[in-house]
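Please read these numbers as outputs of a predicted model, since none were measured by experiment. So you know, we letter chains A, B, ... as the sequences are listed, proteins then strands, and number each from 1.
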Number of protein chains: 2
Amino acid sequence: MIIDCHGHYTTAPNQLELFRDRQLAGLADVNRRPTTTDLGITDDQIRDSVEKAQLKLQRERGTDVTIFSPRAAGMAHHVGTAETSQVWSRICNDLVHRVCTLYPDNFVGVCQLPQSPGVPPANCIDELTRCVTELGFIGCNLNPDPSGGYWKDPPLTDRYWYPLYEKMVELDVPAMVHVSSSCNPCFHATGAHYINGDTTAFMQFITGNLFKDFPTLKFIIPHGGGAVPYHWGRYRGLAQDMKRPLLSEHVMKNVFFDTCVYHQPGIDLLTRVIPAENILFASEMVGAVKGIDPETGHHFDDTKRYVDAVKLSADDKKKIFEGNALKVYGRLGAALKRRKAA
Amino acid sequence: MIIDCHGHYTTAPNQLELFRDRQLAGLADVNRRPTTTDLGITDDQIRDSVEKAQLKLQRERGTDVTIFSPRAAGMAHHVGTAETSQVWSRICNDLVHRVCTLYPDNFVGVCQLPQSPGVPPANCIDELTRCVTELGFIGCNLNPDPSGGYWKDPPLTDRYWYPLYEKMVELDVPAMVHVSSSCNPCFHATGAHYINGDTTAFMQFITGNLFKDFPTLKFIIPHGGGAVPYHWGRYRGLAQDMKRPLLSEHVMKNVFFDTCVYHQPGIDLLTRVIPAENILFASEMVGAVKGIDPETGHHFDDTKRYVDAVKLSADDKKKIFEGNALKVYGRLGAALKRRKAA
């Protein structure tokens with residue numbers, strides 16, 4: 001089985017964005033607030049939105065299941081208030097749940113959290129619990145910078161985040177560390193802010209001692225771990241200079257990288273320096289880069305081709321495509337069984 | 001000849017830091033302001049500070065000349081006022097000039113700029129001109145985030161920066177894009193802020209059209225270009241989605257990466273995806289990572305070993321070690337000749 005651990009519902013029917021416009025317009029003029037959270041999206045519209053996109057690509061590329069969450073750039077935790085974020089997260093998560101219910105063999109849900117800058121992440125516990133226990137979701141996306149590019153909240157190793165981590169551990173769900181859009185003109189979202197978020201989170205994990213307090217807490221750092229594998233020597237060296245344990249002990253029992261790296265040399269490097277146990281297959285489709293690479297004739301984000309082509313044993317590839325996801329997402333195995341039985 | 005394009009005076013005699021303490025104490029209490037900018041550092045103290053460090057490593061590793069600038073983390077443009085930065089930059093640059101004068105065969109100067117958050121970079125023109133025309137410096141370090149981790153100034157492609165670029169072009173000097181220390185607790189300086197700064201700058205160059213306005217302007221992005229080579233497919237794909245020209249045309253006539261990547265697989269990737277014409281040898285020594293890699297028994301930052309080991313033609317290696325530096329730093333050739341004649 002080939003599990004893609006990083007897919008967003010980037011192709012949701014237009015009503016979702018219309019609702020968002022009304023919701024944000026309501027911040028300026030209460031008279032414009034939406035009067036219902038019913039988006040008026042039909043099942044057929046949902047089918048249409050994924051049949052031509054994610055499902056088509058799953059079939060073409062030969063992947064089986066996508067771990068699926070609301071559009072990352074759409075989370076925009078920096079916009080509006082904590083209440084805005086609560087309402088918006090619930091709507092986006094419910095919509096992902098509808099996709100997963102319509103296509104139980106193809107999608108398993110991961111939730112957006114109702115984060116808000118300066119608001120303690122404990123406020124996300126209820127929505128996380130609802131998504132896991134009521135909707136059958138198996139993880140969450142955690143934004144290390146709810147300010148959208150100004151990095152005003154504490155590092156991920158701060159106790160500020162601990163109540164949420166306690167709930168994650170209790171529910172046995174990991175988080176993908178994933179920033180949202182950038183409102184800082186210095187940072188292009190997918191070209192700078194995303195990758196910087198990944199790199200920053202990893203260095204926070206090296207600097208802190210989070211996994212002493214939470215030995216079973218698990219994070220997926222997407223986009224191939226940001227800059228980290230390319231600078232693996234720098235990170236090993238910095239950890240050593242800082243008298244930290246070896247990275248294999250200090251962070252790599254808890255931190256995993258996905259394969260959203262859009263060219264063969266990048267995937268070759270990733271699999272050369274990072275143990276196969278720490279790599280999860282992912283494509284981020286339909287996502288950041290939509291075009292076809294003129295150098296290969298294939299989509300940049302058709303990452304399965306790159307993983308297929310690396311020199312690794314069949315065992316290691318199976319870990320990357322399937323086994324590691326089942327380990328990191330503690331509820332994935334049961335979710336898949338439940339769906340097959342249904 | 002082997003030219004290391006990225007060295008900082010990280011080993012300056014202690015008087016420099018004592019001055020800095022007095023200067024910053026003077027911000028809180030004018031009575032504590034230093035009464036002189038004479039640091040009281042003797043030539044012997046300078047000799048001692050580099051003989052045991054940079055010069056020793058040059059000899060051991062077989063490099064010839066280091067393009068040398070003040071300590072990057074020490075610039076701290078976010079601290080104090082524009083005047084603080086002016087005084088501090090001048091002192092740091094003069095000290096680097098003394099090193100270059102004592103060891104004309106080993107060091108060529110690059111200056112720190114007196115940037116300050118929210119202050120138009122035109123205020124750096126006088127110090128840049130002084131360093132180039134009076135001290136014989138051949139470039140500058142340009143901080144894309146003088147706020148120290150909050151990214152409050154405009155992107156490097158904004159006209160805000162243009163007066164400084166005009167002077168750089170007129171003087172025929174490139175800039176290394178180099179952030180300083182971070183006052184944002186989210187960002188470890190050398191493990192996150194540095195690498196993020198590199199990645200961010202490159203994406204700004206893709207997004208903008210700076211090199212249409214300044215076809216001869218040149219930037220070196222250090223630390224192997226941040227995350228960029230590892231994600232080269234992403235950047236090619238993003239540029240394509242944004243209808244930008246090929247990166248080879250759009251930015252790579254003006255942007256160069258150094259080799260401060262501290263392990264063999266990283267340098268292998270860099271030289272595999274980035275044309276040899278765009279790579280400049282550098283080690284950043286004595287810099288970010290000081291230890292010995294237990295996996296190799298050699299210093300992490302002994303980057304010459306990695307470049308020696310890559311599969312490239314002798315011609316390409318000569319470009320990386322020497323030829324590209326002479327092209328990118330338009331005044332380097334004359335500076336080296338002048339020194340030999342002296």
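Most heavy-atom pairs under 4.5 Å with chain B: of the set A:K152, A:E295, A:H193, A:Q204, this distinction falls to A:E295. Of the listed residues (A:G149, A:A201, A:G237), the greatest number of heavy-atom pairs within a distance under 4.5 Å of chain B belongs to A:G237. With respect to chain B, the highest number of heavy-atom pairs below 4.5 Å among A:Q264, A:M203, A:K290 belongs to A:M203. Between chain B and the residues A:I195, A:D268, A:T199, the largest count of heavy-atom pairs under 4.5 Å involves A:I195.
In this pair, A:Y194 and A:H223 present their aromatic rings tilted. The plane angle is within the 30 to 60° band. Ring pair B:F202/B:W232 is tilted by interplanar angle, where 30° to 60° counts as tilted.
The parts of B:Y150 that come within reach of chain A are both its backbone and its side chain, each placing non-hydrogen atoms under 4.5 angstrom from that chain. With a 4.5 Å cut-off on non-hydrogen atoms, B:P154 touches chain A through its backbone but not through its side chain. Interface remark: B:L269 contributes side-chain atoms only to the contact with chain A (heavy atom separation under 4.5 Å). Proximity to chain A (any heavy atom under 4.5 Å) is shown, for B:T296, by neither the backbone nor the side chain. With a 4.5 Å cut-off on non-hydrogen atoms, B:R236 touches chain A through its backbone and its side chain both. Heavy-atom distances place no part of B:I206 under 4.5 Å from chain A, backbone and side chain included. Neither the backbone nor the side chain of B:H299 comes within contact range of chain A; no heavy atom of the residue lies under 4.5 Å from a heavy atom of that chain. Contact annotation for B:T200: both backbone and side-chain heavy atoms come within less than 4.5 Å of a heavy atom of chain A.
A side-chain donor from one of B:D213 and B:Y162 sits under 3.5 Å from a side-chain acceptor of the other. With no hydrogens or angles considered, a side-chain donor-acceptor pair links A:S147 and A:D145 at under 3.5 Å. Side-chain contact of B:Q54 with B:T11: a donor-acceptor pair under 3.5 Å is present, judged by distance alone.
B:E284 and A:R234 are joined by a salt bridge, as a carboxylate oxygen and a charged side-chain nitrogen come within less than 4.0 angstrom of each other. A salt bridge is absent between B:D308 and B:R305; no separation between the charged side-chain nitrogens and carboxylate oxygens falls under 4.0 Å.
Tested against A:S283 for a side-chain hydrogen bond (donor to acceptor under 3.5 Å, both in side chains), the candidates A:T303, A:D258, A:D4, A:D301 yield a single pass: A:D4.
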